[in-house]
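A short write-up of the structure that comes next.
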Amino acid sequence: MTEKTDVVLIGAGIMSATLGALLRQLQPDWSISLFERLDAAAAESSDPWNNAGTGHSALCELNYSPQAPDGSVDITKAVDINERFQVSRQFWSYGVENGILRDPSAFINPIPHVSFVHGADNVQYLRKRYEALAPHPLFEGMEYIDSPDEFSRRLPLMARGRDFSDPIALNWTDGGTDIDFGSLTQELLAYLGASGADLAFGHEVRDLSKQSDGSWLVTVRNVRTRESRTLISKFVFVGAGGGALPLLQKANIKEAKGFGGFPVSGQFFRCVNPALINQHEAKVYGKAAVGAPPMSVPHLDTRVIKGKPGLLFGPYAGWTPKFLKDGKNTDLFKSVRPNNIFSLLGVGVTELGLTKYLVSELLKSEAGKVITLSEFIPRAEARDWELITAGQRVQVIRRKGAGGVLEFGTAVIAAQDGTIAGLLGASPGASTCVTAMLDVLQRCFPQEYAEWTPKLKEMVPSLGVKLSEDPALFHEVWDWTSKALNLVDGGDNTPRRAGVAANA
């Protein structure tokens, strides 16, 4: 028996959860069905240990502020990503104040964001980066530090045993955050389920077929019983992480033609020594090695997961043909189509540096990984760390000319008639999820979007405005979101300590 629904969401990650929560607020009478092949929400890309280094707002990620050949620093991408992150903060604040989300400290906590470099040339670059960003409204409060004594005071774990004859420098921002997107996703889906949505775990979407009336026939299989369900849906969103590309290909929409995917896995060292974890409270990002891709930026990263602080270092890139951590070794090969084979081959020719980097990472021993860690923690010992495999990422390959280009970002693909959309790519991904889903709404529901705008402005007061061009509005929404998300102590608005509630 074919069921009918207004919206089908594929995947129980942060993207589907965000879109579902937005739609429930905007159109509470619409029926929503969500399908997830795994048995839990956020168990793939949104899981906190699979989605490492979260809290992207371009405060510390140096790949978002590259240095030009003339020595100047381009902050365009940093400003854009920060703008998008502010949109997420506003929606989460609205969610806390309106019963969509419960305790904000369960998913977001204040953590300083820090850029770290060493060597005379890199120190000079970081100074220029600071001079470009610090006057900007979205980056107010950033500090430049090149004093070994101040470095040692703020980052004792990184200072112990360090040879300060090699110059060091930091860009330090107290207003950064750490986000557990696993907990956030679970809260959003709990709200969605309580509001009447059908959430089906252990169910895999096997096929998507366009009907003559513009609706979609969605074929779903229970992975345990092997029983099938079919639904007719007016709109489908494919938020399946690495599984999105194969499903969009099955949908056979022209907008997905020419796209390919390049899967990259990653490993991290996770600290198992509580004494070391307690000596470090910051997200510290360095510079990628020469010739390495942006996704390889090393970071020593404080995480707060289920209220408990943790510490990780990485990434150490790997490779597998799987599109999902729980995927199959045939995923990459099955994604090859006549319409994207030249895109894939083109990237194979132009990204030889990436291939060389991946091979070197795959050959690196655990002892070699500890040596890399020692650039951040000079006295690092293997016994204090365990190696974990993080989530799988599928980087976007987009057609360009006769070949293709590899993109380290996210891309929304939407059919021209607005009946189906999906998200491809990775970083900064989750941190800018609200902007991405607003893009889906605007492209797929243009008529309704105009009617929804007043409600959307309740949820995101800065909608349609660039905060970088309106400092007064930025300060207003920053103060509001900082308080609503419990990121500051009540009296003087200073960031509270990570994982410690303001009322504790």
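Just so you know, these numbers come straight off a predicted model, no measurement behind them.
For the pair L38/F201, no side-chain contact is recorded, criterion being any heavy-atom separation below 4.5 Å from C-beta on. Looking at heavy atoms from C-beta onward, V394 lies out of side-chain contact with L424 at the 4.5 angstrom threshold. Side-chain contact check for P461 versus Y94: every heavy-atom pair is 4.5 Å or farther apart. Using a 4.5 Å heavy-atom threshold, the side chains of E476 and W480 count as separate. Residues I100 and Q25 are in side-chain contact: their nearest non-hydrogen atoms beyond the backbone lie under 4.5 Å apart. Between H136 and S468, some side-chain heavy-atom pair lies under the 4.5 Å cut-off. Contact check for N171 versus V117: no side-chain heavy atoms found under the 4.5 Å cut-off. Annotation: side chain of L9 is in contact with side chain of F237 (closest heavy-atom distance under 4.5 Å).
Rounded to the nearest 0.5 Å, atoms CG (N82) and OG (S57) are 5.5 Å apart. We find the OG-CG distance between S65 and L126 to be 8.5 Å, quoted to the nearest 0.5 Å. Taken from CD1 in I81 to OG1 in T76, the straight-line distance is 11.0 Å, to the nearest 0.5 Å. The distance from atom OH of Y191 to atom CG of L101, rounded to the nearest 0.5 Å, is 10.0 Å. Taking CZ from F259 and CG from L248, the interatomic distance works out to 9.5 Å, rounded to the nearest 0.5 Å. The line from CZ of F91 to CE of M459 is 6.0 Å long, rounded to the nearest 0.5 Å.
Side chain of K283 to backbone of V114: no donor-acceptor contact under 3.5 angstrom is found. With hydrogens and angles disregarded, no donor-acceptor distance shorter than 3.5 Å links the side chain of S72 to the backbone of A68. Side chain of E44 to main chain of K325: a donor-acceptor pair is present (N/O by atom type, distance under 3.5 Å, no hydrogens or angles). H113 contributes a side-chain N or O that, together with a main-chain N or O of T177, makes up a donor-acceptor pair within less than 3.5 Å. Put simply, the side chain of S195 gets close to the backbone of L192: a donor and an acceptor are under 3.5 Å apart. Put simply, the side chain of R303 gets close to the backbone of I179: a donor and an acceptor are under 3.5 Å apart. No donor-acceptor pair under 3.5 Å is formed between the side chain of N486 and the backbone N or O of S105. Under the 3.5 Å distance criterion, the side-chain polar atoms of E36 are left unmatched by any main-chain donor or acceptor of A41.
One finds no salt bridge joining K322 and D331 here, because no Lys/Arg side-chain nitrogen approaches an Asp/Glu carboxylate oxygen to under 4.0 Å. Residues E458 and K455 are paired through a salt bridge, judged by an N-O separation under 4.0 Å between the basic side chain and the carboxylate. Remark: E131 does not engage K128 in a salt bridge, criterion side-chain N to carboxylate O under 4.0 Å.
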Distance-only check: which donor-acceptor pairs under 3.5 Å involve side-chain atoms of residues 433-442, not counting sequence neighbours?
from : atom 1 : to   : atom 2 : distance (Å)
T435 : OG1    : R84  : O      : 3.4
D439 : OD2    : R443 : NH1    : 3.4

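Considering L387, I388, I277 in turn, I388 is the only one that fulfils the side-chain contact (heavy atoms from CB on, under 4.5 Å) rule with R270.
Between F151 and F116, the two ring planes are tilted [angle within 30° to 60°]. Using a 30° and 60° split on the angle between ring planes, H299 and F268 fall in the tilted class, from 30° to 60°. The aromatic rings of W92 and F85 sit perpendicular to each other, their planes meeting at more than 60°, with 30° as the lower class boundary. Using bins of under 30°, 30° to 60° and over 60° for the plane-to-plane angle, the ring pair Y316/F269 lands in the perpendicular bin. Using a 30° and 60° split on the angle between ring planes, H56 and Y285 fall in the perpendicular class, above 60°.
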What verdict does the side-chain contact (heavy atoms from CB on, under 4.5 Å) test give for Q392 and L324, after you've listed the backbone C-alpha separation in whole Å, the side-chain angles of each residue and the deciding distance to 0.1 Å? CA-CA 5 Å; Q392 191 76 351; L324 293 164; 5.5 Å; no
* To do: Apply side-chain hydrogen bond (donor to acceptor under 3.5 Å, both in side chains) to the pair Q86 and S462, showing each step before the final yes or no.
  => CA-CA 9 Å; Q86 302 307 324; S462 72; over 6 Å; no
Quiz item: For E366 and K369, what are the C-alpha separation, side-chain angles and deciding distance, and is it a salt bridge (charged side-chain N to carboxylate O under 4.0 Å, His left out)?
Solution: CA-CA 5 Å; E366 187 162 336; K369 290 180 171 69; over 6 Å; no
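Atom CG of D121 sits in a sparse spot, with 12 or fewer heavy atoms from other residues, nucleotides or ligands closer than 6.0 Å.
Partners of E143 according to the salt bridge (charged side-chain N to carboxylate O under 4.0 Å, His left out) rule, which considers only residues two or more places apart in sequence or in another chain, are R154. In this structure L157 satisfies the side-chain contact (heavy atoms from CB on, under 4.5 Å) test together with R160, L276, Q279, H280, L311, I377, sequence neighbours excluded.
Within the cation-pi definition used here (under 6.0 Å to the ring centroid, within 45° of the axis), R89 qualifies as a partner of W478.
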